[in-house]
Amino acid sequence: MVKVTLKGDVVKEFDSGITAAEVAKSLGAGLYKSACACRIDGEVRDLRTAIENDCELEILTFDSTDGKKAFWHTTSHVLAQAVKRLFPNAKFAIGPAIDNGFYYDFDVEKPFSPDDLEKITAEMKKIVKEGYELERFLLDPEKAVELLEEMNEPYKVELCKEHTDKGEPISFYKQGEFTDLCAGPHLMSVAPIKAVKLTACTGAYWRGDSKNAQLCRVYGVSFPKASQLEEHLQKLEEAKLRDHNKIGRELEYFTTVDYVGQGLPVLLPKGARVIQLLQRWVEDVEQSKGCLLTKTPLFAKRELYKISGHWDHYLDGMFILGDPYDETKECFALRPMTCPFQYQVYLNKQRSYRDLPMRLTETSTLFRNEASGEMHGLIRVRQFTISEGHYILRPDQLEEEFKGCLELAKYCLDTVGLLEDCTFRFSQWDPKNPNNKYEGTAEQWEHAQSVMKKILDNIGLDYEIGIDEAAFYGPKLDIQYKNVFGKEDTIVTIQIDMLLAEKFGMYYVDSDGQKKLPYIIHRTSLGCYERTLAYMLERFAGALPMWLMPEQVRVLPISENLSGQAKEVEAKLAAAGIRVTTDVRSEKIGYKIREAQLEKIPYMLVIGNKEIEDGTVSVRSRKNVNLGAMSVDEFIKLAKEEIDSKKRD
RNA sequence: GCUGGAAUAACUCAGUUGGUAGAGUACCUCACUCGUAAUGAGGAAGUCGAGGGUUCAAGUCCCUUUUCCAGCUCCA
């Protein structure tokens, strides 16, 4: 007998060797029916797992993350089965569950067309109806490779061979005529997959390496109920309504022009104004934290980048002015980073340990020649402006200054409303990086990373580790943000650099009279303004916090002949420092309100004969709330409070 | 850079097997002077992204190219 501890610390006894599925069945037919996988002593397992020792057992349904994953993973097998039936020559790569569904990579002669996807979906539905049970079986590594070779699956053979040296048996899952190499866990049967949608068909490189063959990746999502699928698709549609690339254009924050070029958005007055407001605020915050503002050139001779290492590591990413390979002529490059420029400020004269830390910051426009497929709205562009700082410091100051940088970034992100959705990534080097990406020795890297780890752990920060995500000169703490499509990018980065100071000969004279190399922190406090604006537009669906709105208040006279009085109100507000306009057109009040609402204007002040008699304004907020009549002074007080507090929804 | 999708009026989109361009909104004019998300009438507006080709005839078919979108790779 085994003792199984269930949810709520309920302990039940079963015969040894009972499967998790049978335990679920004993607990209730409903639970058994909806069970997707289980967790045994904290580890996610297959429902077929036999229980031979006392353990804690949790039955995972579709409501749990891991239950969903098993469900979606099984759906990816159904997808593969359908593809095999319709396209017998397709070769299979991998087909995992992801955060919002699943995908499967196929090697096919021609990528699937939308038409093909429909046919595949129909075949999947057929397979689900056929209701196959999944069977799991184990093979010795050699036998497993043999089977996969027999099946003529070269990618699977390659995957399998990686595990053969461990000597452990290799697991397979079989449903009907279809067998796949797979670690699981999986559903007991394909029958519960009632609703399936294949959402996209794109290219993806084998093993994520662009040097390898490009495969055809089919994305999809599935649910136990059709209504859940509909709800899911509805949510995706709603998310798209927040897409900055859509509303940023509609609300006239930015536009793009064919003949200007890719990745070169044109900021319209509203977008330019928000960025101006952000920049002024960030510069003030930074200076209040002891930062010194610099203004350095936007481009420099090739020689500067040779010292910094950018010429060797980043040439493809730079815009070059001149022939990079003609050493007899002057050649310039637009700057992709500020570091080597800002170091010149430090190098301007001899520095003492007393001068450190020296916190340099700049509102810095950068140029990066991104590959043509990379550009995306305001999130990924070829020219952007970032608050970029370099703190030059003694080793003993590293921890405190690093913490200061993190506090600054968190403060900035919190103020603009993005912090709560951020995640942290400790980006480390990969000694096995095949492209010789990293400068410095293994010792230097291990040292820098262990120092950074200690600092992060002391702070108690919850972070993920990103291998091979470091900068070429050092490890990073990246603050990550997801856009409305779930794609993650870095919004803020703080980096520890123990290499570049030496390259530039940046010394300080220490208290013992010796010349020593400083450490450098590369940091941004709010990231680049274009990207931050994009995320804010998505986060607030265009209704930015009032302190950043280009137009904060609109005065709406009920009829055209009251525009004189309305203009007086406008002047009063403007004098109080509020950004305000008046809609003097001869339109109905409902029409004017509708327009102001669609433009997300925080407050609308309606003025009719009644208000003029009472000396008041009728205040309506963009949250569709009528706040009633109040005096202009009262409203100014209310508005100023909201602006000064940088309040956000 | 790679894979797939797209580009028609300022915007959102329709346009059948190839037969010569259409709606709503916005804009302009006029009337209305209005009470919390769309007043009515009229008008103007398109080299169908660009270039080439097939054809008696191309928005529609083919090729090239630019830009936009999703994904991969890369990256703030």
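No hydrogens, no waters, no symmetry mates; every other heavy atom, side chains included, goes into these values. In the text below, chain A, chain B and the rest are named by the order of the sequence lines, each starting its count at 1. What you see is a predicted model, and the numbers here were worked out from it, not measured in a lab.
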Quick one: the side chain of [X] and the base of [N], do they pair up donor-acceptor inside 3.5 Å?
X: A:Gln480; N: B:rA76; result: no
X: A:Arg207; N: B:rC72; result: no
X: A:Ser586; N: B:rC32; result: yes
X: A:Gln262; N: B:rU67; result: no
X: A:Glu374; N: B:rG71; result: no
X: A:Arg217; N: B:rC72; result: no
X: A:Tyr205; N: B:rG71; result: no

Taking OP1 and OP2 of [N], is either one under 4.0 Å from a side-chain nitrogen or oxygen of [X]?
X: A:Ser372; N: B:rG1; value: yes
X: A:Lys592; N: B:rU39; value: no
X: A:Lys476; N: B:rA76; value: yes

**Prompt:** Is the NZ or CZ atom of A:Arg531 positioned over A:Phe384's six-membered ring, under 6.0 angstrom from the centre and within 45° of the axis?
**Reply:**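 That pair does not qualify as a cation-pi contact.
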**Message:** Just so I know, are the side chains of A:Tyr603 and A:Leu627 near enough to count as touching, which here means a heavy-atom distance under 4.5 Å?
**Reply:**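 Touching, per the 4.5 Å side-chain cut-off.
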Out of [options], which nucleotide sits closest to the side chain of [X]?
X: A:Asn626; options: B:rU36, B:rG71, B:rA76; result: B:rU36
X: A:Lys487; options: B:rA76, B:rG71, B:rU36; result: B:rG71
X: A:Tyr219; options: B:rC69, B:rU36, B:rC72; result: B:rC72
X: A:Pro111; options: B:rU3, B:rC68, B:rC74; result: B:rU3
X: A:His376; options: B:rA70, B:rU36, B:rU39; result: B:rA70
X: A:Arg594; options: B:rA38, B:rC74, B:rG71; result: B:rA38

**Donor-acceptor under 3.5 Å (A:Gln597 side chain, A:Arg622 main chain)** =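 Confirmed, A:Gln597 side chain pairs with A:Arg622 backbone.
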**Message:** Just checking A:Phe106 against A:Phe87, ring centres under 6.0 Å apart?
**Reply:**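 Distance test on ring centres: not under 6.0 Å, no.
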With a 4.0 Å cut-off on heavy atoms, is [X] in touch with a base, just the backbone sugar-phosphate, or nothing at all?
X: A:Leu366; answer: nothing
X: A:Ile379; answer: base
X: A:Gly317; answer: nothing
X: A:Thr524; answer: nothing
X: A:Ala200; answer: nothing

**Item:** Aromatic-base stack, A:Phe384 on B:rA76, cutoff 5.5 Å, angle under 30
**Value:**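 Answer is yes, a stack.
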**Request:** Using side chain to side chain donor-acceptor pair (under 3.5 Å) as the criterion, point out the one residue from A:Arg207, A:Lys91, A:Arg217 that pairs with A:Asp105.
**Result:**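 Between A:Asp105 and the candidates, side chain to side chain donor-acceptor pair (under 3.5 Å) is satisfied uniquely by A:Arg217.
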**Message:** For the C1' atoms, the ones on B:rG53 and on B:rU16, what distance do you get once it is rounded to whole angstrom?
**Reply:**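 Those two atoms are separated by 25 Å.
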**Request:** In whole angstrom, give me the gap between the C1' atoms of B:rG40 and B:rU33.
**Result:**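 My reading of the C1' atoms in B:rG40 and B:rU33 gives 14 Å.
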**Asked** Excluding sequence neighbours, so at least two apart, what forms side chain to side chain contact (heavy atoms under 4.5 Å, CB included) with A:Glu374?
**Response**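 For A:Glu374, the residues satisfying side chain to side chain contact (heavy atoms under 4.5 Å, CB included) (neighbours in sequence not counted) are A:Glu370, A:Ala371, A:Arg380.
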